[in-house]
Amino acid sequence: MYRSMETSELLKDIKEILIPEEQLQARVRELGEAISRDYRGLNPILVSVLKGAVYFIADLTRAISIPITLDFMAISSYSGGGTASSGVVRLLKDLDEQITERHVLLVEDIIDTGLTASYLLRLLRARNPESLRICTLLDKTSRRIVEDLPIVYRGFEIPDVFVVGYGLDYRQLYRNLPFIGILREEILEGGGVV
Ligand code: IMP
(Lines give C-alpha, C1' and ligand atoms only; values in the text may rest on other atoms or scores of the structure.)
Protein backbone atom coordinates (compact mmCIF):
# COMPACT_ATOMS: atom_id res chain seq x y z
CA MET A 1 0.00 0.00 0.00
CA TYR A 2 1.32 3.44 -0.91
CA ARG A 3 2.09 5.52 2.17
CA SER A 4 -0.14 8.34 0.92
CA MET A 5 -3.05 5.89 0.88
CA GLU A 6 -3.14 5.53 4.64
CA THR A 7 -4.41 9.07 4.92
CA SER A 8 -6.07 9.33 1.51
CA GLU A 9 -9.15 11.52 1.42
CA LEU A 10 -10.67 9.04 -1.02
CA LEU A 11 -10.73 6.19 1.49
CA LYS A 12 -13.72 7.57 3.39
CA ASP A 13 -15.95 6.89 0.36
CA ILE A 14 -14.86 3.25 0.10
CA LYS A 15 -17.01 0.64 1.79
CA GLU A 16 -14.68 -2.27 1.24
CA ILE A 17 -11.50 -3.17 -0.61
CA LEU A 18 -12.54 -5.89 -3.05
CA ILE A 19 -9.13 -6.56 -4.61
CA PRO A 20 -6.04 -5.32 -2.75
CA GLU A 21 -3.11 -3.85 -4.62
CA GLU A 22 -0.82 -6.86 -4.11
CA GLN A 23 -3.42 -9.26 -5.48
CA LEU A 24 -4.05 -7.03 -8.50
CA GLN A 25 -0.35 -6.79 -9.28
CA ALA A 26 0.19 -10.56 -8.93
CA ARG A 27 -2.71 -11.35 -11.27
CA VAL A 28 -1.60 -8.74 -13.82
CA ARG A 29 1.83 -10.39 -13.87
CA GLU A 30 0.21 -13.79 -14.56
CA LEU A 31 -1.83 -12.34 -17.41
CA GLY A 32 1.33 -10.74 -18.86
CA GLU A 33 3.13 -14.08 -18.74
CA ALA A 34 0.22 -15.87 -20.45
CA ILE A 35 0.06 -13.25 -23.21
CA SER A 36 3.84 -13.47 -23.70
CA ARG A 37 3.57 -17.25 -24.13
CA ASP A 38 0.56 -17.21 -26.46
CA TYR A 39 1.70 -14.40 -28.75
CA ARG A 40 5.39 -15.28 -29.09
CA GLY A 41 6.57 -14.40 -32.62
CA LEU A 42 3.28 -12.71 -33.52
CA ASN A 43 4.08 -9.07 -32.69
CA PRO A 44 0.57 -8.35 -31.39
CA ILE A 45 -1.02 -4.95 -31.10
CA LEU A 46 -2.62 -4.20 -27.76
CA VAL A 47 -5.56 -1.87 -28.11
CA SER A 48 -6.57 -0.15 -24.95
CA VAL A 49 -9.53 2.06 -24.15
CA LEU A 50 -9.18 5.43 -22.46
CA LYS A 51 -9.44 6.28 -19.72
CA GLY A 52 -10.40 3.37 -17.50
CA ALA A 53 -7.86 0.86 -18.80
CA VAL A 54 -4.72 3.03 -18.57
CA TYR A 55 -3.53 1.80 -15.18
CA PHE A 56 -4.12 -1.82 -16.19
CA ILE A 57 -2.42 -1.52 -19.59
CA ALA A 58 0.57 0.27 -18.06
CA ASP A 59 1.18 -2.60 -15.62
CA LEU A 60 0.16 -5.36 -18.06
CA THR A 61 2.54 -4.28 -20.82
CA ARG A 62 5.43 -4.14 -18.35
CA ALA A 63 4.68 -7.77 -17.49
CA ILE A 64 4.88 -8.79 -21.17
CA SER A 65 8.27 -9.99 -22.36
CA ILE A 66 7.73 -10.11 -26.15
CA PRO A 67 7.64 -7.23 -28.65
CA ILE A 68 4.22 -5.58 -28.78
CA THR A 69 2.69 -2.43 -30.24
CA LEU A 70 0.46 -0.30 -28.06
CA ASP A 71 -2.40 1.86 -29.27
CA PHE A 72 -5.34 3.68 -27.72
CA MET A 73 -8.94 4.44 -28.50
CA ALA A 74 -11.12 6.83 -26.58
CA ILE A 75 -14.84 6.38 -26.26
CA SER A 76 -17.62 7.96 -24.31
CA SER A 77 -20.54 5.82 -23.30
CA TYR A 78 -23.69 7.77 -22.78
CA SER A 79 -24.28 6.72 -19.20
CA GLY A 80 -25.33 10.19 -18.09
CA GLY A 81 -22.59 10.11 -15.48
CA GLY A 82 -24.36 7.43 -13.48
CA THR A 83 -23.45 3.79 -13.03
CA ALA A 84 -25.56 2.11 -15.70
CA SER A 85 -24.12 1.36 -19.13
CA SER A 86 -26.38 2.47 -21.96
CA GLY A 87 -24.49 0.56 -24.63
CA VAL A 88 -24.55 3.68 -26.79
CA VAL A 89 -20.94 4.46 -27.53
CA ARG A 90 -19.30 7.39 -29.31
CA LEU A 91 -15.77 7.13 -30.68
CA LEU A 92 -13.73 10.11 -29.47
CA LYS A 93 -10.29 8.95 -30.63
CA ASP A 94 -9.51 6.28 -33.21
CA LEU A 95 -6.38 4.13 -33.40
CA ASP A 96 -3.18 5.60 -34.84
CA GLU A 97 -2.04 2.20 -36.20
CA GLN A 98 -3.40 0.01 -38.99
CA ILE A 99 -4.64 -3.33 -37.63
CA THR A 100 -5.33 -5.17 -40.89
CA GLU A 101 -3.72 -8.65 -40.73
CA ARG A 102 -2.38 -7.91 -37.22
CA HIS A 103 -3.02 -9.96 -34.09
CA VAL A 104 -5.15 -7.61 -32.01
CA LEU A 105 -5.76 -7.88 -28.27
CA LEU A 106 -8.42 -5.53 -26.94
CA VAL A 107 -7.53 -4.64 -23.34
CA GLU A 108 -10.48 -3.59 -21.17
CA ASP A 109 -10.77 -2.52 -17.55
CA ILE A 110 -14.18 -4.08 -16.94
CA ILE A 111 -16.85 -5.88 -18.91
CA ASP A 112 -20.31 -5.49 -17.49
CA THR A 113 -23.23 -5.94 -19.91
CA GLY A 114 -20.71 -6.42 -22.72
CA LEU A 115 -22.36 -3.79 -24.92
CA THR A 116 -19.29 -1.53 -25.05
CA ALA A 117 -16.96 -4.41 -25.90
CA SER A 118 -19.38 -5.62 -28.54
CA TYR A 119 -19.37 -2.18 -30.20
CA LEU A 120 -15.56 -2.05 -30.14
CA LEU A 121 -15.24 -5.57 -31.54
CA ARG A 122 -17.51 -4.71 -34.46
CA LEU A 123 -15.44 -1.63 -35.19
CA LEU A 124 -12.13 -3.53 -35.07
CA ARG A 125 -13.38 -6.61 -36.94
CA ALA A 126 -14.39 -4.43 -39.89
CA ARG A 127 -10.67 -3.70 -40.40
CA ASN A 128 -9.85 -7.38 -40.94
CA PRO A 129 -7.33 -8.16 -38.21
CA GLU A 130 -5.60 -11.55 -38.35
CA SER A 131 -7.02 -12.34 -34.90
CA LEU A 132 -9.06 -10.47 -32.32
CA ARG A 133 -9.34 -11.37 -28.64
CA ILE A 134 -10.21 -9.63 -25.38
CA CYS A 135 -8.22 -9.27 -22.18
CA THR A 136 -10.27 -7.79 -19.35
CA LEU A 137 -9.13 -7.10 -15.81
CA LEU A 138 -12.61 -7.42 -14.31
CA ASP A 139 -15.65 -9.34 -15.44
CA LYS A 140 -19.16 -8.90 -14.05
CA THR A 141 -20.43 -12.08 -15.64
CA SER A 142 -23.82 -11.99 -13.93
CA ARG A 143 -24.76 -8.76 -15.77
CA ARG A 144 -23.84 -9.96 -19.25
CA ILE A 145 -26.24 -9.25 -22.11
CA VAL A 146 -23.89 -9.98 -25.03
CA GLU A 147 -22.88 -13.64 -24.84
CA ASP A 148 -20.31 -14.35 -27.54
CA LEU A 149 -17.37 -12.17 -26.47
CA PRO A 150 -13.90 -13.67 -27.11
CA ILE A 151 -12.63 -13.08 -23.56
CA VAL A 152 -9.46 -15.16 -23.49
CA TYR A 153 -7.72 -13.39 -20.59
CA ARG A 154 -9.68 -12.47 -17.47
CA GLY A 155 -8.20 -11.02 -14.31
CA PHE A 156 -11.04 -11.43 -11.84
CA GLU A 157 -14.71 -12.31 -11.96
CA ILE A 158 -16.50 -9.91 -9.61
CA PRO A 159 -20.05 -9.73 -8.22
CA ASP A 160 -22.64 -7.18 -9.27
CA VAL A 161 -21.30 -4.25 -7.26
CA PHE A 162 -20.06 -0.85 -8.45
CA VAL A 163 -16.30 -0.70 -8.11
CA VAL A 164 -13.75 2.09 -8.42
CA GLY A 165 -9.98 2.42 -8.39
CA TYR A 166 -7.05 1.26 -10.53
CA GLY A 167 -8.44 3.32 -13.42
CA LEU A 168 -12.14 2.82 -12.77
CA ASP A 169 -14.12 5.92 -11.90
CA TYR A 170 -17.36 7.21 -10.55
CA ARG A 171 -18.02 10.60 -12.13
CA GLN A 172 -14.32 10.82 -13.08
CA LEU A 173 -13.14 10.35 -9.48
CA TYR A 174 -11.34 7.52 -7.66
CA ARG A 175 -9.26 6.36 -10.67
CA ASN A 176 -6.05 6.95 -8.69
CA LEU A 177 -6.80 4.47 -5.93
CA PRO A 178 -4.24 1.62 -6.24
CA PHE A 179 -6.80 -1.10 -5.39
CA ILE A 180 -10.30 -2.06 -6.55
CA GLY A 181 -12.81 -0.89 -3.98
CA ILE A 182 -16.56 -0.93 -3.51
CA LEU A 183 -18.02 2.54 -3.25
CA ARG A 184 -20.34 3.37 -0.34
CA GLU A 185 -23.98 3.25 -1.47
CA GLU A 186 -24.69 6.79 -0.30
CA ILE A 187 -22.07 8.14 -2.73
CA LEU A 188 -23.79 6.59 -5.70
CA GLU A 189 -26.54 8.63 -7.30
CA GLY A 190 -29.91 7.75 -5.82
CA GLY A 191 -28.30 5.73 -3.05
CA GLY A 192 -27.72 2.51 -4.97
CA VAL A 193 -26.39 0.86 -8.08
CA VAL A 194 -28.71 1.31 -11.03
P1 IMP B 1 -20.68 -2.54 -20.44
O2 IMP B 1 -20.89 -1.88 -21.77
O3 IMP B 1 -21.97 -2.71 -19.69
O4 IMP B 1 -19.90 -3.83 -20.51
O5 IMP B 1 -19.90 -1.51 -19.55
C6 IMP B 1 -18.57 -1.27 -19.68
C7 IMP B 1 -18.25 0.09 -19.13
O8 IMP B 1 -19.09 0.49 -18.04
C9 IMP B 1 -16.86 0.06 -18.55
O10 IMP B 1 -15.89 0.31 -19.55
C11 IMP B 1 -16.93 1.10 -17.48
O12 IMP B 1 -16.67 2.36 -18.04
C13 IMP B 1 -18.36 1.06 -17.00
N14 IMP B 1 -18.54 0.26 -15.78
C15 IMP B 1 -19.24 -0.87 -15.64
N16 IMP B 1 -19.22 -1.33 -14.39
C17 IMP B 1 -18.45 -0.45 -13.70
C18 IMP B 1 -18.03 -0.38 -12.32
O19 IMP B 1 -18.35 -1.21 -11.46
N20 IMP B 1 -17.24 0.67 -12.01
C21 IMP B 1 -16.84 1.62 -12.90
N22 IMP B 1 -17.22 1.60 -14.18
C23 IMP B 1 -18.01 0.57 -14.58
Side-chain angles (χ1 to χ4, degrees), residues 10-11 13-21 23-24 27-28 31 46-60 71-95 105-125 132-194:
L10 300 172
L11 279 182
D13 296 344
I14 302 300
K15 182 165 104 181
E16 186 190 323
I17 295 180
L18 186 65
I19 310 170
E21 189 184 352
Q23 208 179 324
L24 268 178
R27 185 72 186 118
V28 171
L31 292 174
L46 273 66
V47 169
S48 183
V49 186
L50 299 171
K51 306 168 197 161
V54 293
Y55 293 74
F56 177 40
I57 192 85
D59 287 337
L60 180 70
D71 206 348
F72 291 95
M73 291 176 117
I75 56 168
S76 82
S77 41
Y78 293 103
S79 62
T83 59
S85 171
S86 63
V88 183
V89 180
R90 192 159 56 105
L91 188 64
L92 300 177
K93 184 212 168 289
D94 204 341
L95 296 174
L105 186 59
L106 177 63
V107 178
E108 288 264 27
D109 49 357
I110 185 164
I111 298 186
D112 185 12
T113 61
L115 291 167
T116 308
S118 167
Y119 167 86
L120 291 170
L121 285 175
R122 247 195 331 273
L123 197 98
L124 296 172
R125 237 179 233 136
L132 181 56
R133 293 163 153 189
I134 296 178
C135 170
T136 187
L137 178 68
L138 306 176
D139 191 352
K140 279 188 195 171
T141 339
S142 62
R143 303 236 319 154
R144 192 62 37 78
I145 294 173
V146 184
E147 291 297 343
D148 56 347
L149 299 175
I151 304 175
V152 177
Y153 308 96
R154 177 188 282 110
F156 301 89
E157 192 175 324
I158 63 164
D160 182 12
V161 286
F162 195 80
V163 290
V164 293
Y166 199 61
L168 288 157
D169 76 303
Y170 176 62
R171 299 190 156 181
Q172 300 301 328
L173 293 174
Y174 309 103
R175 292 191 198 275
N176 54 322
L177 286 168
F179 53 77
I180 300 288
I182 303 174
L183 207 56
R184 287 190 189 283
E185 276 91 7
E186 56 267 36
I187 307 290
L188 294 168
E189 202 176 31
V193 179
V194 188

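We use all heavy atoms of the structure for the numbers below, so side chains are in, but hydrogens, waters and symmetry mates are not. First listed ligand is number 1; within each ligand, the first listed atom is number 1.
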Out of curiosity, is V164 lining ligand 1, as in a heavy atom under 4.0 Å away? no
Which of the numbered atoms in ligand 1 are under 4.0 angstrom from any heavy atom belonging to D169? 21 (C)
Could you list the residues that satisfy side-chain contact (heavy atoms from CB on, under 4.5 Å) with E157, not counting sequence neighbours? T141
Scan the side chains in residues 47-56 for donor-acceptor partners under 3.5 Å anywhere in the protein, sequence neighbours excluded, and list what turns up.
from: K51; atom 1: NZ; to: Q172; atom 2: OE1; distance (Å): 3.2

Give the atom numbers and elements of ligand 1 that come within less than 4.0 Å of a heavy atom of K140. 16 (N), 17 (C), 18 (C), 19 (O)
Ignoring hydrogens and angles, state whether a donor on the side chain of D59 or Y166 is under 3.5 Å from an acceptor on the partner side chain. yes
Report yes or no: does a heavy atom of A117 sit under 4.0 Å from some atom of ligand 1? no
Are the side chains of L10 and N176 in touch, meaning some heavy atoms are under 4.5 Å apart? yes
Using a 4.5 Å cut-off on heavy atoms from C-beta on, say whether the side chain of F156 contacts that of L18. no
Nearest to atom 3 (O) of ligand 1 by heavy atom, T113, L18, D109: which? T113
Between L60 and C135, what is the shortest heavy-atom contact and its length? CD2-SG, 4.1 Å
N/O to N/O below 3.5 Å, does that happen between L168 and ligand 1? no
Below 4.0 angstrom from a heavy atom of V161, which ligand 1 atoms are there? Numbered from 1 as shown, please. 19 (O)
Quick check on contacts: which atoms of ligand 1 are under 4.0 angstrom from a heavy atom of T116? 1 (P), 2 (O), 5 (O), 6 (C)
With a 3.5 Å distance limit and no angle check, can you tell me whether K140 reaches the backbone of I110 through a side-chain donor-acceptor pair? no
Could you tell me whether I111 and ligand 1 have an N or O pair separated by under 3.5 Å? no
Decide whether an N or O pair under 3.5 Å exists between E108 and ligand 1. no
